[in-house]
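Written below as structure tokens is the structure these notes are about.
Computation of the quantities below employed the complete heavy-atom set of this structure, encompassing side-chain atoms and omitting hydrogens, waters and symmetry-equivalent molecules. Lettering of chains follows the sequences in order, A, B, ..., and the numbering in each one begins at 1. Everything quoted here is computed from the prediction, not taken from an experiment.
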Amino acid sequence: MIQMIINTLASAAIVAPAAVAFTLVFTLFRYANFAVGGFVTVGAFAAWTINVPLGCPLWVAGLGAMVVCASAFALSDRLVFRALRGRSGGTLLLVSIALSFVLENIMRFIYGAQMKGFDLPLTGPITIWDVRITRETVAVVSVSLLAILVVGAILILTPIGRALRAVADNPSLASVRGLPVPSVEVFGIAVAGAMLGLSGTLVGVDLSIDPNLNWAVTIPIIAAAIVGGLGSPIGAAAGAILIGAAEELTVAFLAPTYKGAVGFAVIALVLILRPQGLLGDKVDRK
Amino acid sequence: MDSYLVAILTVAGIYLILALALNLQFGLTGLINFGVVGFYGLGAYASGIATETFHAPFLAGLLAALIIGAIAGALVALLSLRLSGDFLAIVTLGFAETIRLVFNNEDWLTHGPSGFIIVTRPVIAGLSRTATSWMVLGVILLAALLVLLLMMRLADTPYGRVLRAVREDDLVPATLGKNIFMYRLQAFVLGSAIMAGTGSLYAHYVQTITPDNFTTPVAILVWMSVIVGGAGNMKGTVLGALAVVFIYEGTRFIGPWLTMLDAEQISALRFIIIGVALILMIRFRPEGLLPEAYQRPAEAASRITPSKG
């Protein structure tokens with residue numbers, strides 16, 4: 001039982017930063033960016049490159065992956081999404097799926113299809129009250145929690161965070177009030193990109209890294225963000241825990257092979273139980 | 001070379017039918033279906049299981065595929081159509097992924113990743129290899145032609161006009177007393193059934209299907225066909241599907257010149273080209289090569305008024 005809670009937290013910790021990023025982009029620009037999984041994959045490979053061939057410690061690799069993903073995400077917005085602002089949500093969705101597909105194949109082109117893993121020292125698990133926790137799990141969960149708290153604090157406490165929320169709420173009003181909307185948006189995108197890079201690094205610690213990661217993480221990330229209400233980082237994190245728990249229960253009581261379908265099942269359930277949509281009453285959709 | 005050309009044309013015919021079905025859903029009605037491969041795969045396996053496990057003839061397999069595709073389409077649509085377009089996209093994508101998990105894991109039914117072998121062919125048995133492949137091509141092109149004619153007719157009817165109105169602004173047809181939900185549901189179900197039927201044709205053409213035949217790259221190629229051709233224009237889809245298949249198959253030949261790349265890299269490079277082309281198309285020419293014809297209201301009105309004398 002306690003083991004299941006720990007497994008839940010571990011998988012939630014991987015998904016949560018990316019779900020926060022998805023939520024952030026959704027609140028800022030009102031579209032579902034399906035390329036999040038692609039950027040998580042890019043982050044995982046960036047971290048691997050810094051960690052294994054370049055031989056740097058993992059925390060350097062993680063920071064590096066965050067920088068790489070923040071830049072790549074900002075670049076994708078500059079080149080692709082900015083020009084399409086104002087187009088229908090469907091168009092942006094299609095473009096983001098195509099982008100995800102391109103990113104995945106760029107990774108496959110550079111790194112091949114073989115699975116890769118970080119260069120981690122072998123450490124034994126810690127045993128507390130008959131529960132085995134690996135040191136990696138402890139690290140993954142604490143780093144993820146810390147990152148979400150930091151993003152939450154930035155959004156609530158700092159002037160740039162307040163500006164970001166103002167822009168998300170009503171960009172024209174924010175602009176009239178003298179906020180530099182484009183730079184605030186770039187800041188939001190960079191934060192989202194960094195969170196995607198962090199998710200990529202955490203995925204690499206827990207699982208192996210290969211280009212097929214893309215679709216394996218996309219559905220849980222989006223499911224977590226939707227369940228979390230697409231409003232706040234804390235909601236996205238709560239959504240990630242819920243999805244993680246549902247996955248653990250599936251593995252324990254149904255079939256482990258169907259873990260990948262859980263995210264979809266949860267989305268379907270939300271649609272049946274709350275057809276007005278968890279976002280329907282929160283965000284004014286156009 | 002001859003047999004290669006036949007193979008390319010057969011594949012082009014299959015993509016064309018899928019793209020026409022998607023053009024009905026997305027181009028005419030504005031429904032975003034990212035689960036094309038889900039319905040396609042469902043039809044392939046349904047038909048394979050009907051003909052091999054239950055020894056039904058090919059036509060029964062095709063019928064089974066159409067029915068199961070329609071049921072699956074109705075379920076997915078009932079779940080998500082009442083909501084905004086983004087939800088349909090998410091649900092259909094999840095549907096396709098889940099269906100593939102089922103194909104992979106239910107070995108007793110689908111033989112899993114090792115592949116499901118289909119002996120039944122859509123043509124008379126006992127012909128030579130070449131004659132059979134030409135006949136299969138004929139069957140698929142005939143199916144493509146039938147679907148094309150059906151779609152062009154549908155797009156021209158008052159029914160098609162309502163679908164377009166639903167796509168543009170569903171408030172207007174709703175005000176005119178049209179049941180928007182039923183129109184969307186019918187368009188989605190018909191499209192899904194056609195996709196599943198295409199799966200049946202594909203299964204009996206390749207004769208061995210694995211879950212890997214029904215993955216995202218196929219969906220991207222189908223979407224690309226619709227977007228390149230021009231969403232809403234059925235003739236455009238023919239052009240789009242041909243262009244996409246020839247670009248995709250054509251890039252196969254860049255391999256020998258790039259000797260420093262291995263097969264994996266060449267395949268990745270082809271998908272990068274396709275994906276970038278799709279993004280550029282949406283960015284710079286969203287209406288496609290053959291844009292949907294603008295129908296002047298007066299012209300449309302005179303056609304439905306009975307002429308005197």
Run B:Ile227 and A:Leu94 through side chain to side chain contact (heavy atoms under 4.5 Å, CB included) and show every step you take. CA-CA 10 Å; B:Ile227 301 286; A:Leu94 178 58; 3.6 Å; yes
Please classify the contact of A:Ile106 with chain B as side chain, backbone, both or neither, using a heavy-atom distance under 4.5 Å.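 Both parts, heavy atoms under 4.5 Å.
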Please flag which part of A:Leu99 lies under 4.5 Å from any non-hydrogen atom of chain B: side chain, backbone, both or neither.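 Both backbone and side chain.
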[atom2] on [Y] to [atom1] on [X], rounded to 0.5 Å:
X: B:Leu93; Y: A:Ile222; atom1: CG; atom2: CD1; result: 7.5 Å
X: A:Asn105; Y: B:Arg270; atom1: CG; atom2: CZ; result: 11.0 Å
X: B:Leu269; Y: A:Arg108; atom1: CG; atom2: CZ; result: 13.0 Å

What part of B:Pro217 gets within 4.5 angstrom of chain A, counting heavy atoms only: side chain, backbone, both, or neither?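 Its backbone and side chain both get close to chain A.
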Given A:Tyr258 and B:Thr98, is the side chain to side chain contact (heavy atoms under 4.5 Å, CB included) satisfied, shown in steps? CA-CA 8 Å; A:Tyr258 282 107; B:Thr98 308; 5.5 Å; no
Among [options], single out the residue with the greatest number of heavy-atom pairs under 4.5 Å to chain A.
options: B:Ile282, B:Asp262, B:Leu278; value: B:Ile282
options: B:Ile274, B:Leu280, B:Val102; value: B:Val102
options: B:Ile273, B:Val76, B:Thr216; value: B:Thr216

Do you know which of A:Ala32, A:Ala113, A:Ser100 has the most heavy-atom pairs with chain B at a distance under 4.5 angstrom?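 Among the listed options, the one with the most contacts to chain B is A:Ala113.
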When you measure from the side chain of B:Gln265 to the backbone of A:Phe109, do you find a donor-acceptor pair of N or O atoms at a distance under 3.5 Å?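 Side chain of B:Gln265 to backbone of A:Phe109, a donor-acceptor pair under 3.5 Å: yes, one is there.
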Could you check whether the rings of A:Phe34 and B:Phe34 sit parallel, tilted or perpendicular, using 30° and 60° as the cut-offs?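 Ring orientation of A:Phe34 relative to B:Phe34: tilted.
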B:Ile90 vs A:Leu93 side-chain heavy atoms within contact, under 4.5 Å: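 B:Ile90 does not reach A:Leu93 side chain to side chain.
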Take B:Thr215 and A:Trp215 through the test side chain to side chain contact (heavy atoms under 4.5 Å, CB included) and record every step on the way to the result. CA-CA 10 Å; B:Thr215 47; A:Trp215 298 112; over 6 Å; no
Closest heavy-atom contact between [X] and [Y]?
X: A:Ala261; Y: B:Leu101; value: N-CD1, 3.4 Å
X: B:Gly275; Y: A:Ala98; value: O-CB, 4.2 Å
X: B:Arg283; Y: A:Leu84; value: CA-CD2, 4.2 Å

Can you list the residues that meet the ring pair (Phe, Tyr, Trp, His ring centres under 6.0 Å) rule with B:Phe95, with sequence neighbours excluded?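 Result, ring pair (Phe, Tyr, Trp, His ring centres under 6.0 Å) vs B:Phe95: B:Phe39.
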More than 12 heavy atoms from other groups under 6.0 Å of CE on A:Met4: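 It does: A:Met4 CE has more than 12 such atoms within range.
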Does A:Arg78 CZ have over 12 foreign heavy atoms under 6.0 Å away?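 Result for CZ/A:Arg78: open.
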Step-by-step side chain to side chain contact (heavy atoms under 4.5 Å, CB included) determination, A:Ile97 to B:Ile220: CA-CA 9 Å; A:Ile97 287 209; B:Ile220 297 272; 4.0 Å; yes
